[in-house]
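First up is the structure itself, then whatever we jot down about it.
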2 protein chains.
Amino acid sequence: MDARITLEDQLRAMQGEHAMGNCPVRQVMQGIFGKWSTLLLQALGERPYRFGELRRLLPDISQRMLTQTLRDLERDGYIYRKVYATKPPSVEYGLTDLGKSMLGPLGELVRWASDNFTQVDAARKRFDIAGKA
Amino acid sequence: MDARITLEDQLRAMQGEHAMGNCPVRQVMQGIFGKWSTLLLQALGERPYRFGELRRLLPDISQRMLTQTLRDLERDGYIYRKVYATKPPSVEYGLTDLGKSMLGPLGELVRWASDNFTQVDAARKRFDIAGKA
DNA sequence: CAGCATCCATTCTGATACTG
DNA sequence: CAGTATCAGAATGGATGCTG
């Protein structure tokens, strides 16, 4: 079985009402690859976290971006949001089944990036030094 | 072998000079997930294409974005750019070995997105209808 | 044919201040 | 504790006209 998706596959999935720029596959991918989405998905892949815990885990995310990214991930069905009516209130975030099923493929790519970022970095330096920047 | 990369792995890879927001892994991922990058990488995974061919293949990309995205992919070492000094000139783009090696993991994720975009779409609708939008 | 330069609109991101 | 609201700057995206 070939795991490759051809461009024709994607074109077929678009059926006219969608243009290339907003094909559904790409829309899904964009949701996963926001500036903080991948990091949050991986964190929640380990265990559920509370809002404040995530904030401390990602020291350089602003509160605004954390709230917004979590909301987007919840909207796409990757994570759940559970409010405990304690005093003061606490909110727990965790992966849904859909989110868990996505973490496999995403992990593959993260692993590739982790294994190859030095090569990418080297390529960038070569390109820039060659004056093509 | 567990293919998962933990957050601790990423934190370890950062070594202080990098913050979460610009960790090298994320930088690589961002390069792959620009608005058009994935589509172009997949197209070039089938065979090399010329500039004009790519333009026709992605009808709704602007010339500016095509040029820019190709240049970014070349800079990161995923594609090569070969100029034929014909008259009029023609330019061929194709995947490098690094690009080819990345297409595997990327394809996994594209396949997941292709298999699950209806679920994501359904989740979005539920969220919006529930008035949480 | 395969670009580059310019201009403009939209989106994204973060800092800051405030609330149930 | 876990947000919301507002604002300003940066980055991104696209339309148009010009060139070797």
Side-chain angles (χ1 to χ4, degrees), chain A residues 19-23 26-27 29-40 43-44 48-76 79-94 127 131-133, chain B residues 19-23 26-27 29-40 43-44 48-76 79-94 127 131-133:
Chain A
M20 274 287 187
N22 51 1
C23 104
R26 199 180 68 72
Q27 287 195 15
M29 308 267 266
Q30 294 284 311
I32 300 170
F33 273 94
K35 182 166 185 185
W36 303 102
S37 316
T38 306
L39 230 34
L40 284 172
L44 296 175
Y49 280 99
R50 297 221 326 258
F51 188 86
E53 290 180 311
L54 290 171
R55 237 180 120 173
R56 284 187 290 279
L57 206 55
L58 281 55
D60 58 342
I61 192 173
S62 69
Q63 196 178 39
R64 183 184 191 277
M65 282 301 109
L66 181 54
T67 303
Q68 186 175 304
T69 307
L70 286 169
R71 183 170 298 265
D72 290 344
L73 292 175
E74 186 195 358
R75 187 171 107 101
D76 284 4
I79 69 176
Y80 65 82
R81 177 178 188 272
K82 193 168 178 182
V83 181
Y84 293 94
T86 53
K87 211 177 127 130
S90 80
V91 182
E92 176 190 287
Y93 294 91
F127 189 90
K132 303 187 192 175
Chain B
M20 274 287 187
N22 52 358
C23 104
R26 199 181 69 70
Q27 287 194 17
M29 309 266 265
Q30 295 283 312
I32 300 170
F33 271 94
K35 184 167 184 183
W36 303 102
S37 315
T38 306
L39 229 35
L40 284 173
L44 296 175
Y49 280 99
R50 297 219 328 256
F51 187 87
E53 292 179 311
L54 290 170
R55 238 180 120 174
R56 284 186 291 279
L57 206 56
L58 280 54
D60 58 343
I61 192 174
S62 68
Q63 195 179 38
R64 184 184 190 277
M65 281 301 108
L66 181 54
T67 302
Q68 186 175 305
T69 307
L70 286 170
R71 184 169 296 265
D72 289 345
L73 292 175
E74 186 197 357
R75 186 171 108 101
D76 284 5
I79 69 176
Y80 65 83
R81 178 178 187 274
K82 193 169 179 181
V83 181
Y84 293 94
T86 54
K87 210 174 130 139
S90 81
V91 182
E92 177 191 285
Y93 294 90
F127 189 90
K132 303 188 194 174

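Letters go in sequence order (proteins before strands), and every chain restarts at 1.
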So, is [X] near the phosphate of [N], with a side-chain N or O under 4.0 Å from OP1 or OP2?
X       : N      : result
A:Arg55 : D:dC1  : no
B:Lys35 : C:dT11 : no
B:Trp36 : D:dT12 : no
B:Arg64 : D:dC18 : no
B:Arg50 : C:dG3  : no

*Want to settle it: does A:Gly34 or B:Glu53 sit nearer the 5' end of DNA chain C, counting the closest nucleotide to each?*
B:Glu53
*asked:* Assuming nearest nucleotide by heavy-atom distance, tell me which of A:Pro88 and A:Gln68 is located more 5' along DNA chain C.
replied: A:Gln68
Within this structure, what is the [atom1]-to-[atom2] distance between [X] and [N], rounded to whole angstrom?
X       : N      : atom1 : atom2 : answer
B:Arg81 : C:dC4  : CZ    : P     : 7 Å
B:Ile61 : D:dT12 : CD1   : P     : 15 Å
A:Leu66 : C:dG14 : CG    : P     : 11 Å
A:Leu58 : C:dT13 : CG    : C1'   : 15 Å
A:Gln30 : C:dT11 : CD    : P     : 14 Å
A:Met65 : D:dA2  : CE    : C1'   : 16 Å
A:Glu92 : D:dA2  : CD    : P     : 11 Å
B:Lys87 : C:dA2  : NZ    : P     : 16 Å

Which nucleotide, [options], lies nearest any side-chain atom of [X]?
X       : options               : answer
A:Phe51 : C:dG14, D:dT4, D:dA2  : D:dA2
A:Gln63 : D:dG3, C:dG3, C:dC1   : D:dG3
A:Tyr93 : C:dC4, C:dC1, D:dG3   : D:dG3
A:Ser62 : C:dG20, C:dC1, C:dG14 : C:dG14

*How many angstroms lie between atom CG of A:Leu73 and atom CZ of A:Arg81, to the nearest 0.5 angstrom?*
13.0 Å
*Going from CD on B:Glu92 to OH on B:Tyr84, what distance comes out if it is rounded to the nearest 0.5 angstrom?*
4.0 Å
*Is there a donor-acceptor pair closer than 3.5 Å between any side-chain N or O of A:Thr69 and the backbone N or O of A:Met65?*
yes
_Testing the basics here: between A:Ala43 and A:Leu57, what is the closest heavy-atom pair and its distance to 0.1 Å?_
CB-CD2, 3.9 Å
*Given the rule in the side chain to side chain donor-acceptor pair (under 3.5 Å) test, do A:Glu74 and A:Tyr93 qualify, once you have shown the distances and angles that lead to the verdict?*
CA-CA 9 Å; A:Glu74 186 195 358; A:Tyr93 294 91; over 6 Å; no
*Counting any heavy atom closer than 4.0 Å, what does A:Tyr84 reach on the DNA or RNA strands: base, sugar-phosphate only, or nothing?*
nothing
